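This report refers to the structure that appears directly beneath it.
Note on naming: letters A, B, ... go to the chains in the order of the sequence lines (proteins, then strands), and numbering restarts at 1 for each one. In this text, all values refer to a predicted model and were calculated from it rather than measured experimentally.
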Protein chains: 2
Amino acid sequence: MAHETQKAIARQSLLLKSLPEHQIDKLLSHAIWRRYDRGETIFLQEEEAKAVHVVLAGWVKLFRMAPTGAEAVVSVFTRGESFGEAVALRNVPYPVSAEAVSACEIMHFPSPLLLSLMREDPEIGVSILASTFTHLHSLVAQLEQLKAQTGAQRVAEFLLNLSDKVSGGCEVELPYDKMLIAGRLGMKPESLSRAFSRLKPVGVKINRNHAEIADIQRLRDYAESDSSEK
Amino acid sequence: MAHETQKAIARQSLLLKSLPEHQIDKLLSHAIWRRYDRGETIFLQEEEAKAVHVVLAGWVKLFRMAPTGAEAVVSVFTRGESFGEAVALRNVPYPVSAEAVSACEIMHFPSPLLLSLMREDPEIGVSILASTFTHLHSLVAQLEQLKAQTGAQRVAEFLLNLSDKVSGGCEVELPYDKMLIAGRLGMKPESLSRAFSRLKPVGVKINRNHAEIADIQRLRDYAESDSSEK
DNA sequence: GCCACAACTTGACAATTGTCATGTCATCGC
DNA sequence: GCGATGACATGACAATTGTCAAGTTGTGGC
């Protein structure tokens, strides 16, 4: 990928986009760029945070290992999204591990640099808070889903988030492995399979990583319907 | 409660404790103090955030209403803890609602004040990020629990968090309603009852809001054991 | 092109959890 | 003190999900 393209993607990221031009340039000039292969570890839980990470291409999963060995996927990031903000500025260990789930290109901003820029211009603090808030919000949304929705409903919401259409039918591509989707939604791959087949009567056809939704609104109604009235 | 006691509690809060004396004084002098009755609403989901909140006494729950009407408890706060940091500084609507679950005393810091102090001293930004990170972390821990542990194991962890002992036996008080505990742990009250009885063989006796743990370590082993090997 | 492997799908079964119904117990107003 | 109410426990039943075991199907290596 061309160097300039990478910078352009980084500029559009939630973390940087609201910053003044000269701050972005300074950050970009000190950023470290790296390529990761599929399956490669980006950092490990308990490791001390030294940078904030912005995904330029590919997919990254954040996950936690329970003492039992069970893996819980916390979030999945792609192009333009950043992670590690809240941790990097506090010299505390990461609460999660990060792994490339596809080949990835990632930009790292060293945290001392961020801290010093922040002392010059508190606006950067607000930017960091902004993307941290986005994560907070998405975690809250996930908690709500896990606590208040059935498996099939969570899958329905996942599909809905892949499309930006408001009504009518559409086709979407599943962005990553079904195993990872299952993990992200807090279920086993077998349950995901069953959830997909339970969505057939609502007008969802799955073929490989390709999904056809007959009627977005019908799917949305299903996702928001009370589980007891089905 | 005496005014000075309130201020002392506020000073010890995660949000304020790492700030320089004069900043704390400035914040405290502009803070709004209020008492809430049990069941009273502090703010509603979708409402615009105007302040950061610090609990001085009592218990507050943050929860989300799913479109289906189901309620998902996101977190429960008590003395010294703060909430709403990430939202207040960005003029965005709250992603959750807040309600007093017991009689409460809460201090509110208007967000414009925080913003202006932050421009003077970026250290405040770091403090806010610190408490935001704590929430982020606790949400991540909750997600892990929900995804990777059984109901009884989540209850075991909840009990373990109530005690600061490392080994041996102990007695703890359940800090709030079993209904709320159930919600906080993502289950129905009935399931909580069953989870409690499933903990009997591990040395846990529940009587009203009083719990006896025969051996902390045994309970910890149970909480961390693989669910398949039971 | 063939083999091995991993990613699925499906079925049968067990365990867990939600739902509904019923019963007990403490608290509160009167 | 008495009845009403809400919190909680428990049993029966249904629905959901995890687990285990097959079987299918791409994909990549050779």
Give the rounded distance in Å between these two atoms: CG of L185(A) and C1' of dT17(D).
14 Å
Proximity to the side chain of K178(B) - top-ranked nucleotide from dG18(D), dC8(C), dA9(D):
dA9(D)
Per-nucleotide protein contact string for nucleotides 22-29 of chain C (B base, S sugar-phosphate only, - none; heavy atom under 4.0 Å)
----S---
Salt bridge E171(B)-K165(B), side-chain N to carboxylate O under 4.0 Å:
no
E190(B) side-chain proximity, nearest of dG18(D), dT10(D), dA9(D):
dT10(D)
Verify salt bridge (Lys or Arg N to Asp or Glu O under 4.0 Å) between E71(A) and K61(A), making sure each step is shown before the conclusion.
CA-CA 11 Å; E71(A) 173 186 307; K61(A) 77 167 172 190; 3.0 Å; yes
Mind calculating the distance between NZ (K147(B)) and C1' (dT17(D)) to the nearest angstrom?
16 Å
Is it the case that over 12 heavy atoms from other parts of the model lie below 6.0 angstrom from the NZ atom of K178(B)?
yes
Find which nucleotide of DNA chain D each of R38(B) and S191(B) is nearest to by heavy atoms, and output the residue with the more 5' nucleotide.
R38(B)
Could you tell me the separation between the CG atom of L192(B) and the P atom of dG18(C), rounded to a whole number of Å?
11 Å
Whole-Å gap separating P (dG26(D)) and CG (L174(A))
16 Å
Roughly how far, to the nearest 0.5 Å, is CZ of F83(A) from CG of L62(A)?
6.0 Å
Please state how far atom NZ in K188(A) lies from atom P in dA12(C), giving the value in whole angstrom units.
22 Å
In whole Å, what is the span from the CE atom of M179(B) to the P atom of dA9(D)?
11 Å
Checking contacts here: which listed nucleotide (dC8(C), dT10(C), dT17(D)) is nearest the side-chain heavy atoms of T150(A)?
dT17(D)
Report the nucleotide, chosen from dG18(D), dT10(C), dT10(D), that has the shortest atom-to-atom distance to any side-chain atom of M187(A).
dG18(D)
Distance check needed: dT9(C) C1' versus D177(A) CG, whole Å only.
15 Å
Map R194(B) and R198(B) onto DNA chain C by nearest heavy atom, then report which one ends up closer to the 5' terminus.
R198(B)
Can you confirm whether M179(B) is buried at CE, in the sense that more than 12 heavy atoms of other residues, nucleotides or ligands lie under 6.0 Å from that atom?
no
Determine, for D177(A) against R38(A), whether the closest basic-nitrogen to carboxylate-oxygen distance falls under 4.0 angstrom.
yes
Mind calculating the distance between CG (N207(A)) and C1' (dA7(C)) to the nearest angstrom?
15 Å
Do NZ/NE/NH1/NH2 and the carboxylate oxygens of E173(A) and R208(A) come within less than 4.0 Å?
no
